[in-house]
Amino acid sequence: MMRLGEILSSLYNISSGDIENAFNLQKQVGGYIGQILIQQGVITDNQLVGALSQQLSIPIFNKEDFSWNHDRLVPLLNSDLSIDFLINNNFVPIDFEPENKLITCITTDPLNSSVEEYLSKNTDYTLFLFLSTEQTLKELSRFYSLSKASDIVSLQIDDSPEKLKEMAFEAPIIKFLNNLLSRAVELRVTDIHIEPISEVYRIRFRIDGILHDMETVEESFYLATVSRIKLLSGLDIAEKRLPQDGKFTIKVASLLLDIRVSTIPMVKSESVVLRLLHRERLSFDIMQLGLEEDHADISLGLISRSYGILLVTGPTGSGKTTTLYSMLTRLNNTERKIITVEDPVEYQLEGINQIQVKTDIGLTFASALRSILRHDPDIIMVGEIRDRETAEIAIHSALTGHLVLSTLHTNDSPSSLFRLIEMGIEDYLLNASIIGVIAQRIIRKICNNCAVPKEMTDEVLKEFELIELHRRYINLFENGEYKFMIGKGCSKCAGTGYRGRMAIYECFEFDDLLKETFIKHRSLGQLRKLLFEQYNFRSLRQDGLIKVLKGLTTIEEVLRVT
């Protein structure tokens, strides 16, 4: 039989150093090597279950493929054996066949021989096992209305700072937070929300831009968990009246995770949001964002300019920063000096000089920009143009020979020019400095694991002009063909039918003809009309519908964001 460490190394590329450290700790304090690796953040629950399944030849439980009736099981089981005994040993019954003398359980502890010994001594039943994660075991055990020794429901409510600090270091709280972060990593969560509702506190995960309810916890448990988060991120656990911001780094499943923490006081208690930033998952490749071939040509042409302002627009959470980082990664080499001003700096990019805005000491976008110009940069990224002063300095930077990348909050790309006019910028300065505008949104992609073909009715084809759109942009399709797909929902996509995200775009180069129209008419309608009639320009919705025609997403998803 292969050792567990060898299997973990083979299946999940766990380093020999991490496994050796866990073995050394096991020699000192005892326990299972798998649980030690989980506590150290080297592996997740699911990875341990997968390795144990291979090592012990025990199948993995999938609750989506299994239907069970616990109301039927309770009287049958209680007549022959103790359900309390089973669950206290981390064995949860999911099926019972008295006629075949067979009991089926899920467990997180297959090496625990107590249950088999109990059955062999007191009954003539045979035990069949499935492996499960601790979360699944806990969920199913709740159906029996029993409290296991591992459940964290016995914490007393005491919100004094001393008691909260003590509770934050209790083993159940540490284990719960580690498991929460492990589940978040496996589900590709970007944000964890812990917030008060009614008499309990709920935990929600933002997956592919959509919030999903995960579980609820009681007040004592919430207080202890939030206190631990505050301690890890260097916040004041006694301060509950004012918003606080902090951050900490933790290792989860062999990944280094940077976590930004924000707390804000609510009527009942505090709401806490954790933003998860994955260091090892960084891959800022501009060609992997969702740009179609024609949009890629425009974008790459714009960032190859030696001076001018390129604006990336869209609401908060539309992926503007990722697009800018991808552009900077493309431009980054030893021949160029790149400086950014950001609030906040989400990721640290090697070879790029990044400045964190600190308004409390007067380090604003505008003040940082003034200093940047004395540092001889070739390319400048301004996280956001928020006011006239920042816009004016950005324009000055572009006019003095710098390529400036920045963001703006507008609904589409042509509106950006008029937003800057509203800030008080003269139109002739915009014509002299702006080289192009890109607008974007983020949409969810259909899950590849459960994608199936979908028939589209003639009414839908006509309503969204899908056939005309395909004819107009047929060069963007492989073999010139289109297809429609939909995700049925599976365990990999948490039943949503979507897994992963991509961006949809609209973009244009601000050339002489557009500049002339902009100056002459000062009309958003005229500018849009010219773009659609003479530039093969397409809207965000049309770009999204091209993704629908390619079988990458659904019409419902495109309509959600456009």
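Values in this document were obtained by computation on a predicted structure and should not be read as measured data.
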Quiz item: So L552 and M502, side-chain contact (heavy atoms from CB on, under 4.5 Å) or not? Walk me through it.
Solution: CA-CA 9 Å; L552 300 175; M502 66 192 310; 3.8 Å; yes
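- Residue T263 holds its OG1 atom at 6.0 Å from CG of L235, rounded to the nearest 0.5 Å.
- Across all their heavy atoms, L37 and A22 have their closest contact at CD2-CB, 3.5 Å.
- Among residues two or more places apart in sequence or in another chain, the ring-ring contact (aromatic ring centres under 6.0 Å, His included) test is passed with H295 by none.
- For the ring-ring contact (aromatic ring centres under 6.0 Å, His included) test, no residue two or more places apart in sequence or in another chain qualifies with F464.
- Put simply, the side chain of T329 does not reach to within 4.5 Å of the side chain of E350, judged on heavy atoms.
- A 4.5 Å side-chain heavy-atom check between L256 and T249 finds at least one atom pair inside the cut-off.
- Nearest heavy-atom pair, H470 versus G480, reported as atom, atom and distance to 0.1 Å: NE2-O, 2.8 Å.
- S53 places no side-chain N or O within 3.5 Å of a backbone atom of V49 that could act as its donor or acceptor partner.
- Of all the heavy atoms in L48 and G34, the pair that sits closest is CD1-CA, 3.6 Å.
- Taking SG of C493 as the reference point, atom NZ of K445 lies at 13.5 Å (rounded to 0.5 Å).
- Residues I264 and Q244 form no side-chain contact, since every pair of their non-hydrogen atoms from C-beta on lies 4.5 Å or further apart.
- Seen from the ring of Y125, K101 counts as a face-on cation partner, given the 6.0 Å and 45° thresholds.
- For residues 107-116, the side-chain hydrogen bond (donor to acceptor under 3.5 Å, both in side chains) pairs, not counting sequence neighbours, are Y32-D109, N89-N112, N112-S114, S113-E117.
- Between K175 and E134 there is a salt bridge, with a side-chain nitrogen of the basic residue lying less than 4.0 Å from a carboxylate oxygen of the acidic one.
- Put simply, the side chain of F91 reaches to within 4.5 Å of the side chain of L127, judged on heavy atoms.
- Atoms CD1 and CZ, on I442 and R501 in that order, are 5.5 Å from each other to the nearest 0.5 Å.
- Atoms OG and CD, on S15 and E20 in that order, are 10.5 Å from each other to the nearest 0.5 Å.
- Within a 6.0 Å radius of CG in N448, no more than 12 heavy atoms belonging to other residues, nucleotides or ligands are found.
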Practice problem: Assess whether side-chain contact (heavy atoms from CB on, under 4.5 Å) is satisfied between T126 and I103, documenting all intermediate values. | Solution: CA-CA 6 Å; T126 301; I103 178 171; over 6 Å; no
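- Across all non-hydrogen atoms, the minimal contact from V460 to L466 is O-CD1, 4.3 Å.
- Side chains of I58 and F128 form no contact here, defined as non-hydrogen atoms less than 4.5 Å apart.
- In this structure, D208 does not pair ionically with R444, as no charged nitrogen and carboxylate oxygen lie closer than 4.0 Å.
- With contacts defined as side-chain heavy-atom distances shorter than 4.5 Å, the pair V272/L274 qualifies.
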Exercise. Show the numbers, then the answer: is there a side-chain contact (heavy atoms from CB on, under 4.5 Å) between T323 and F284?
Key: CA-CA 8 Å; T323 296; F284 295 116; over 6 Å; no
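- Between the side chain of N100 and the backbone N or O of L102, no donor-acceptor pair lies under 3.5 Å.
- For T133 and N46, the side-chain atoms include no donor-acceptor pair closer than 3.5 Å.
- Under the 6.0 Å distance and 45° angle rule, K550 counts as a cation-pi partner of F477.
- Salt-bridge formation is detected for the pair E557/R560: a Lys NZ or Arg NE/NH1/NH2 atom is positioned less than 4.0 Å from an Asp or Glu carboxylate oxygen.
- For E465, the salt bridge (Lys or Arg N to Asp or Glu O under 4.0 Å) criterion is met by no residue, not counting sequence neighbours.
- Closest approach of I446 to G551, counting heavy atoms only: CD1-O, 3.8 Å.
- Of the possible polar contacts, none joining the K483 side chain to the L549 backbone as a donor-acceptor pair under 3.5 Å is found.
- For K251 and D18, the salt-bridge test passes: some basic side-chain N is under 4.0 Å from an acidic carboxylate O.
- Separating the OG1 atom in T322 from the CD1 atom in I286 is a distance of 11.5 Å, to the nearest 0.5 Å.
- Looking only at distances, a side-chain donor or acceptor of T123 sits under 3.5 Å from a matching main-chain atom of L119.
- Counting heavy atoms from C-beta outward, S271 and M266 have side chains that approach closer than 4.5 Å.
- With no hydrogens or angles considered, no side-chain donor-acceptor pair links D45 and S182 at under 3.5 Å.
- Side-chain contact, E346 with T321: no donor N or O sits under 3.5 Å from an acceptor N or O.
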Practice problem: Let me see the working for V261 and D245 under side-chain contact (heavy atoms from CB on, under 4.5 Å), right down to the final yes or no. | Solution: CA-CA 6 Å; V261 178; D245 294 295; over 6 Å; no
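- Judged purely by atom type and a 3.5 angstrom limit, R3 has no side-chain atom pairing as donor or acceptor with the backbone of E6.
- With sequence neighbours excluded, the residues forming a salt bridge (Lys or Arg N to Asp or Glu O under 4.0 Å) with K547 are E292, D543, listed by chain and number.
- Other residues, nucleotides and ligands contribute only 12 or fewer heavy atoms inside 6.0 Å of the NZ atom of K462.
- Counting heavy atoms from C-beta outward, H193 and L211 have side chains that approach closer than 4.5 Å.
- For P93 against L86, the heavy-atom pair with the smallest separation is CG-CD1, 3.5 Å.
- For K230 (side chain) and E239 (main-chain N/O), a donor-acceptor pair under 3.5 Å exists by modelled atom type.
- Atom NZ in K240 sits 5.5 Å away from atom CG in L223 (nearest 0.5 Å).
- The ring-ring contact (aromatic ring centres under 6.0 Å, His included) check on Y201 picks up Y222, with sequence neighbours excluded.
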Practice problem: Check the pair Q440 / S318 against side chain to side chain donor-acceptor pair (under 3.5 Å), numbers first and verdict last. | Solution: CA-CA 6 Å; Q440 69 177 82; S318 59; 5.2 Å; no
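- Salt bridge present: E195 and R204 bring a charged side-chain N and a carboxylate O closer than 4.0 Å.
- Cation-pi geometry between R188 and F205 is not met: the NZ or CZ atom fails to fall both under 6.0 Å from the ring centre and inside 45° of the normal.
- At least one donor-acceptor pair closer than 3.5 Å links the side chain of R541 to the backbone N or O of T562.
- A salt bridge is absent between E270 and R241; no separation between the charged side-chain nitrogens and carboxylate oxygens falls under 4.0 Å.
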